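One structure is given here, and the rest of the page talks about it.
Every heavy atom of this structure was used, including side-chain atoms; hydrogens, water molecules and symmetry mates were not. Note that the coordinates shown come from a computational prediction; the quantities given were computed from them, not determined experimentally. Counting starts at 1 for both ligands and their atoms, in listed order.
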Amino acid sequence: MIDNLVLHLQDAPATILLADSAAQIVDRRAGDAGLRARLDRAYVAPGFRYAEEDTGTNGIGTALEERRPFQVSGGEHFREALQSLACVGVPIIHPITRTVEGILDITSNLSDSNALMGALAQSAVREIQSRLYAESSDREQLLLQSFLQASRRGSSAVVSLNQDVIMTTPMAAQIIDTSDQALLWDWACRMLAGRDEFIGEVRLADNVTVSATARRVGDSRTPAGIVIEMRPHPRDTKKSPARQLASASTVERRTETVKVPGRSLSTKRLQTELERLVAIDAPVLVTGEPGAGKFFAASALHRMQDADGHFTVFDAGTASVDPVAWIAGLVNWNKVDGALIIRHLDLLPEQLVSNVCAILSEAVDNRAHIIATAGEGIRQGPAGRLCDHFMRRIEIDPLRHRSEDIADISVALLRKHSPDRTGLRLQPTALQLLVARDWPGNVRELESVLASSLLRSMGSDIGVQHLPDGYRDGDLRRRNASTSLELAERDALLRALVETDGNKLLAAQRLGVARSTLYRKMRALGIDGSRFLPQ
Ligand SMILES: Nc1ncnc2c1ncn2[C@@H]1O[C@H](COP(=O)(O)OP(=O)(O)OP(=O)(O)O)[C@@H](O)[C@H]1O
C-alpha cells in the first residue's frame, strides 16, 4: 500500500512518514534530496518520536492525540525546526478493535504544500483499513457486525469483546477502563453459560455499577464473542477519583416465577407472554376491560423481572385533579429506584399527552422498566398516540371469555381475603353459578362477591346461600347464547353497557340501535338488565 503511494508521489516534493501508535516514526519514503536533508536536520526520521506531549503541535502527535486527520503548516508547528514544513497526519484505526494502529503522514516543504495532500493520505489510510478488515478473521468480522448493529440500535453504551479484542462506543469508553475488559469477559461468560442472552447488573472495577444486557455472538460451541449493552446508573456515571481495583462482583436481579392463576388457554397464553417479556427492557402496554386484571398482570411482570425491586404507580385517572403536580411527579420519577407502572393511561387528560410522550421516548432510549395499563379504547382517545411508544402489548381477556379460570382465581382471591383460613373453598354449586355469569366487572366484581360471601360464611366453605343477592339466581346465565354470532353480540352489548355505566340510551346510541332493540336483544341474550344502574 505504502509502495503504491510512493509511486503516486514519485515526482512530488513530498515524503511519506509512517509512525507507530506511540508516535515514533518507523518508516520514511519518497521525497527529493533537498526535502530529505531538511527532514534529517529537523530529526524527522525513523527512530524519532513525535508525541504531542514532547514536541507540541505536529502532524503525527496531534493526529494521534485527537484520533482524526490533522493538518499543520509552518508556524502552527510548536517546534521551530518544523516551521518550514507542512504536514498532514491521518490515524490508521483498526476497523475491528477501533484502536489507533499508527499514523500515516505526508510532509512537504511549506512552499510546496497543497490541499490534495490530505485527500491522498486519507484515501491511502482507507485502503489500509479495508485491508486490515479483510485480513481479520471471520470471528472478528462477525463480532464487528454485531457491535455495529447494537451501536445503531440506541443510546446505550456498547462493548463487544472476546479474549483478544474489545470494541467500545465512545459512551462505553467513558464507563469502562482497560482493566474492565477481563472483568466483563469473565462476567458475561459466567452469565451466558447455557443461554444466549442475560440481563443483570455488573459492578466494574472502580465501583461503577451498570445494568447490562449480554448477548452471545455466533454459535455456542465456537462463539465469536459477546456484545454487552450497558446503561450506567446515573449516580455512577462519573468514575470515583480514587479508583479502587476491587475484584469484580456481580449484582444480579433476582427474578421470581409468578404463576398467574387460571387454566384457560387465554391465561396460559398470558403466562407465556409474561415469561417472554421478562428478558425485554421495553415499555409494555397492558390493555383490557375494567377490572380484568391489567394491573395484576403488570405487577406480576414486574415481580418476574425484579423480585426485590419496588415500583412506583402513577394513576392517569387521577391526573386531572392536579395535572401540574401529577406530571411533575412523573418527571421526577427516578429510574434507579425501580420500575414505573402507569395505570389507566387511556384516562390521561389531553393536556398532558405531549409531556408523557416525551417521558416515554426518553424511557425507551434508556430502556427503563415502564408498564402501563389502559382500557381497550385508548386508541380512539387523545392518549392514543402514546401507544406508539409501546412495542410490547399484552391483552387481558375479559373474565367471561375464560370462565375456566374462575375456580383457580377464586382460590387465590379467597386466600388473599382470608389468609388464615387456607383450604377454604367454594362449594361446587356456588362455583357453578359463578362460572355461568357474565362478570361485566370482571375479576374485580368476582373479588367483591367473594369478599362479601366470606363475611356471610363466617369461616366455613362458601355455598350458594352465602353469595350476595343477585348472584344466587341460576337463571341469570349467559349460556342461552349458543352461536358465536350471539356470543359476539353479547360481548358488544355488555361492553357498551359497561362503558356507559349502564346508561341504556347511550349504550343503544353507541351500538347504533334503538333503545327498544337494545332491550329486546338483552332479553333474547339473557343479559340481566338489573345489574346495570337504572336510568
Ligand atoms: N388472575 C388473577 N388472579 C387473582 N386476582 C386477580 C387476577 N386478576 C385480577 N385480580 C384481582 O382483581 C382485582 C382487579 O384487578 P386489576 O386491578 O388488576 O384490574 P385492572 O384491569 O387493572 O382494572 P382497572 O383498569 O379497572 O383499574 C385486583 O384486586 C386484582 O388483584
Side-chain angles (χ1 to χ4, degrees), residues 256-275 277 284-304 311-321 339-348 370-381 383 386-387 390 393-419 422 424-426 431 434-435 437-454 462 494-495 497-502:
E256 184 182 305
T257 313
V258 178
K259 172 89 183 66
V260 180
R263 61 191 72 175
S264 68
L265 201 61
S266 159
T267 295
K268 283 186 184 139
R269 241 188 268 126
L270 172 66
Q271 181 81 34
T272 313
E273 188 57 16
L274 291 174
E275 283 163 12
L277 288 173
V284 177
L285 180 64
V286 189
T287 56
E289 288 185 5
K294 300 181 291 293
F295 183 67
F296 183 85
S299 12
L301 175 59
H302 168 72
R303 281 210 313 286
M304 289 160 95
F311 58 81
T312 312
V313 181
F314 280 80
D315 190 339
T318 63
S320 57
V321 176
L340 171 68
I341 300 185
I342 308 178
R343 296 190 76 173
H344 309 124
L345 194 60
D346 50 325
L347 302 181
L348 188 75
I370 295 191
I371 312 173
T373 73
E376 287 156 325
I378 183 169
R379 282 223 167 266
Q380 282 74 57
L386 297 175
C387 294
F390 295 91
R393 314 256 168 87
I394 300 178
E395 190 161 340
I396 310 293
D397 284 336
L399 190 57
R400 64 184 171 282
H401 285 180
R402 45 186 175 103
S403 42
E404 308 94 293
D405 289 347
I406 289 176
D408 296 326
I409 293 180
S410 298
V411 170
L413 290 173
L414 288 175
R415 202 174 296 143
K416 174 175 161 186
H417 286 272
S418 184
T422 50
L424 196 67
R425 26 165 243 132
L426 272 169
L431 178 63
L434 298 185
V435 166
R437 300 191 72 89
D438 283 318
W439 300 110
N442 290 294
V443 187
R444 180 172 293 121
E445 185 185 349
L446 174 64
E447 181 168 9
S448 84
V449 165
L450 291 175
S452 68
S453 307
L454 264 175
I462 292 168
L494 283 168
R495 187 167 301 144
L497 285 165
V498 167
E499 285 173 2
T500 56
D501 276 340

Taking 4.0 angstrom as the limit and counting only heavy atoms of P290, give me the atoms of ligand 1 inside it, by number and element.
26 (O)
Taking atom 27 (O) of ligand 1 as the reference point, the nearest protein heavy atom with its distance:
H344 NE2, 2.5 Å
Quick one: does T272's side chain have a donor or acceptor within less than 3.5 Å of a partner on K268's backbone?
yes
If you measure every N/O of T373 against every N/O of ligand 1, is any gap under 3.5 Å?
no
Examine the proximity of ligand 1 to E447 and report which part, side chain or backbone, both or neither, has a heavy atom under 4.0 Å away.
side chain
Evaluate L413 for polar contact with ligand 1, using N/O atom pairs at a separation under 3.5 Å.
no
Kindly say whether F390 contributes a backbone atom to a donor-acceptor pair with the side chain of R393 at under 3.5 angstrom?
yes
Would you say G293 and ligand 1 have an N/O pair spaced under 3.5 Å apart?
yes
What about V260: any of its N or O atoms under 3.5 Å from an N or O on ligand 1?
no
Return the set of residues passing salt bridge (Lys or Arg N to Asp or Glu O under 4.0 Å) with D405 (not counting sequence neighbours), or none when no residue passes.
R402
Is a side-chain donor or acceptor of Q271 paired with a backbone partner of P261 at a separation under 3.5 angstrom?
no
Structural part of E289 in contact with ligand 1, heavy atom criterion under 4.0 angstrom:
backbone
Got an N/O contact under 3.5 Å between R402 and ligand 1?
no
To the nearest 0.1 Å, how far is atom 2 (C) of ligand 1 from its closest protein heavy atom, and which atom is that?
F296 CE2, 3.4 Å
Do any N or O atoms from the side chain of K294 and from the backbone of E289 form a donor-acceptor pair under 3.5 angstrom?
yes
Note the single closest protein heavy atom to atom 17 (O) of ligand 1, along with its residue, its atom name and the distance in Å.
R343 NH2, 3.0 Å
Give the residue and atom name of whichever protein heavy atom lies nearest to atom 31 (O) of ligand 1, and the separation in Å to one decimal.
K416 NZ, 3.3 Å
Distance-only, no hydrogens or angles: does the D346 side chain make a donor-acceptor pair with backbone N or O of A374 under 3.5 Å?
no
Short side-chain to backbone donor-acceptor contact, S418 and L414, under 3.5 Å
no
Quick one: nearest non-hydrogen protein atom to atom 10 (N) of ligand 1, plus distance?
V443 CG1, 3.4 Å
Find out whether L424 and L454 are in side-chain contact, i.e. whether some heavy atom of one side chain is under 4.5 Å from a heavy atom of the other.
yes
Could you identify the single nearest non-hydrogen protein atom to atom 22 (O) of ligand 1 and state the distance to 0.1 Å?
F295 N, 2.9 Å
Ignoring hydrogens and angles, tell me if any N or O in the side chain of S453 forms a donor-acceptor pair with the backbone of V449 under 3.5 Å.
yes
Sorted by chain and number, sequence neighbours left out, salt bridge (Lys or Arg N to Asp or Glu O under 4.0 Å) with D315 holds for none
Does even one non-hydrogen atom of G291 get within less than 4.0 Å of ligand 1?
yes
G262 near ligand 1 by a heavy-atom separation under 4.0 Å:
no
Would you mind checking which non-hydrogen protein atom is closest to atom 20 (P) of ligand 1, with the distance to 0.1 Å?
K294 N, 3.4 Å
